[in-house]
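Accompanying notes for the structure given below.
A quick note: this is a predicted structure, and the numbers were derived from the prediction, not measured. Chain identifiers are assigned alphabetically (A, B, ...) following the order of the sequence lines, protein sequences preceding nucleic acid strands; residue numbering begins at 1 within each chain.
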There are 2 protein chains.
Amino acid sequence: MVRLGKLTDYGLVLMTCIARSRVALRTARDLAQESRLPLSTVSKLLKELLQSSLLVSHRGIKGGYILARDPHQISVLEVIAAIEGPMALTECSTDITGLCNLESACPIKSNQQIINQAIRGVLEKVTLSDLAHPLELTPLRDAKGRVVPIVASGRIQ
Amino acid sequence: MVRLGKLTDYGLVLMTCIARSRVALRTARDLAQESRLPLSTVSKLLKELLQSSLLVSHRGIKGGYILARDPHQISVLEVIAAIEGPMALTECSTDITGLCNLESACPIKSNQQIINQAIRGVLEKVTLSDLAHPLELTPLRDAKGRVVPIVASGRIQ
DNA sequence: ATAAAACTAGACCGATTCGGTCCTGTATAG
DNA sequence: CTATACAGGACCGAATCGGTCTAGTTTTAT
């Protein structure tokens, strides 16, 4: 349902790879080998992640990529936004005149905002280090203090 | 980024319409007029919502649709799943033999599960009545007891 | 200096999915 | 029995996605 796209998944995998082995610069060729992805795709993704200032690159021989920040300071929301682009919150087609000029608040826009903000709020809380070490997730709690299941114990469909 | 698809949005709007005016059965033609959507699309969506047991239908003249449960007992997760289909959690292409038979846990699958469960956990908490009356959202709190912003006060990006 | 390694940028295309429409049934009230 | 409204498909154009390729630039080792 809430598809993230394969490329976004690959991007998260690459960021996780870099986060885990942060000893030196990782080259695109190297990451392609570790992640079993074609080099062209890896290069494309690293490029996009670089343009969003999530990575820092060093050129030339002995070059490579490194995380711009610590893994626990990079949220998956940023990674997703870097690859899929910022979410189009203003999707209300304002060019079709007269249809959306209702006096009441637009219900579509309201729904989108509520749901998008809910998803954003959660994705902001999940960081790269959570993906690298899935056991140390900081649990969310609802209004009654109960833990909101994140990894397991939720119904699967 | 985390696109929900226009049809899913329309479905949420329709469900909200039905939830708000739950006095009698709402006909597809009626809902199409209120939501300003083409009748064909509305019929298609109502059909899918019906097959997921979120609506109850009555045929014949004087027929129509009605919510199967109370608005606060229908989560937006169910509505989304009804229209977009259940999320493909088992997307790991097992047909490409040998590539995914690594001894370590598959990082892609792990990432997907973590993120999907996070999103599911939140969408399960938002109900139709929250969409109908956006002011009464029950706030989520993180591990430190602070309120997780859902509607406002989050950066818009 | 020079060549090799590695990043940078963008065009490009096939395949898949999405949004949307239409048509033919079937059931029910009057 | 007939008009109304739901039921369940098939169907198609368009937009997007996943993925590849080519050409160019920067840096370092020798």
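- With hydrogens and angles ignored, a donor-acceptor pair under 3.5 angstrom links the side chain of A/Lys47 to the base of C/dA9.
- At a threshold of 4.5 Å between non-hydrogen side-chain atoms, the residues A/Leu55 and A/Ile66 do not count as touching.
- Going from atom CG of A/Leu50 over to atom P of C/dC7 covers 10 Å, rounded to whole Å.
- At a threshold of 4.5 Å between non-hydrogen side-chain atoms, the residues A/Lys125 and A/Leu77 do not count as touching.
- Here the shortest heavy-atom pairing between A/Ala82 and A/Leu54 reads CB-CD1, 3.9 Å.
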Atom pairs under 3.5 Å: protein N/O with N/O of nucleotides 16-21 of chain D:
| unit_1 | atom_1 | unit_2 | atom_2 | d |
| --- | --- | --- | --- | --- |
| D/dG18 | OP1 | A/Lys6 | N | 2.7 |
| D/dG19 | N7 | A/Lys44 | NZ | 2.9 |
| D/dG19 | O6 | A/Lys44 | NZ | 3.0 |
| D/dT20 | OP2 | A/Thr41 | OG1 | 3.1 |

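- Here C/dG20 presents its P atom at 12 Å from CD1 of B/Ile83, a figure rounded to the nearest Å.
- Counting heavy atoms from C-beta on, the side chains of B/Val126 and A/Ile115 never come closer than 4.5 Å.
- Nucleotide D/dA7 holds its P atom 14 Å from the CG atom of B/Leu45, rounded to whole Å.
- Nearest approach of A/Ser53 to A/Ala68, heavy atoms of both residues: O-CB, 3.4 Å.
- B/Thr8 is linked by a side chain to side chain donor-acceptor pair (under 3.5 Å) to B/Glu84, counting only residues two or more places apart in sequence or in another chain.
- Look at CG on B/Asp30: it is 15 Å from C1' on D/dC6, rounded to the nearest Å.
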Residue pair B/Thr127, B/Gln73: steps toward the side-chain contact (heavy atoms from CB on, under 4.5 Å) verdict: CA-CA 7 Å; B/Thr127 71; B/Gln73 286 180 338; over 6 Å; no
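- We find that OH of A/Tyr65 is positioned 12 Å from P of C/dA6, with the value rounded to whole Å.
- Partners of A/Ser57 by side chain to side chain donor-acceptor pair (under 3.5 Å), not counting sequence neighbours: none found.
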side-chain contact (heavy atoms from CB on, under 4.5 Å), that's the test. Do B/Ser75 and B/Leu123 meet it? Break it down for me. CA-CA 7 Å; B/Ser75 68; B/Leu123 291 185; over 6 Å; no
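- The side chain to side chain contact (heavy atoms under 4.5 Å, CB included) test with B/Met15 is passed by exactly one of B/Leu46, B/Ile74, B/Ile83: B/Ile74.
- Rounded to whole angstrom, the span from the CG atom of B/Asp9 across to the P atom of C/dG20 amounts to 11 Å.
- Here B/Gln51 reaches the OP1 or OP2 of D/dG8: one of its side-chain N or O atoms lies under 4.0 Å away.
- OP1 or OP2 of D/dC6 lies within a sub-4.0 Å distance of a side-chain N or O belonging to B/Thr27.
- Under the side-chain contact (heavy atoms from CB on, under 4.5 Å) criterion, A/Arg29 pairs with A/Thr27, A/Leu39, sequence neighbours left out.
- A salt bridge links B/Glu78 to B/Arg69: at least one charged side-chain nitrogen sits closer than 4.0 Å to a carboxylate oxygen.
- Summarising the geometry, the separation between CZ on A/Arg29 and P on C/dA4 is reported as 14 Å, rounded to the nearest angstrom.
- At least one side-chain nitrogen or oxygen of B/Ser57 sits closer than 4.0 Å to the OP1 or OP2 atom of D/dA7.
- Atom CG in B/Leu46 sits about 8 Å away from atom P in D/dC6, given to the nearest Å.
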Sequence-aligned protein contact record of nucleotides 22-30 of chain D, with B where the base is within under 4.0 Å of a protein heavy atom and S where only the sugar-phosphate is: ---BBBB--
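- The strand DNA chain C forms stems, runs of 3 or more Watson-Crick or G-U wobble pairs with distances below 3.5 Å, at C:1-30 with D:1-30.
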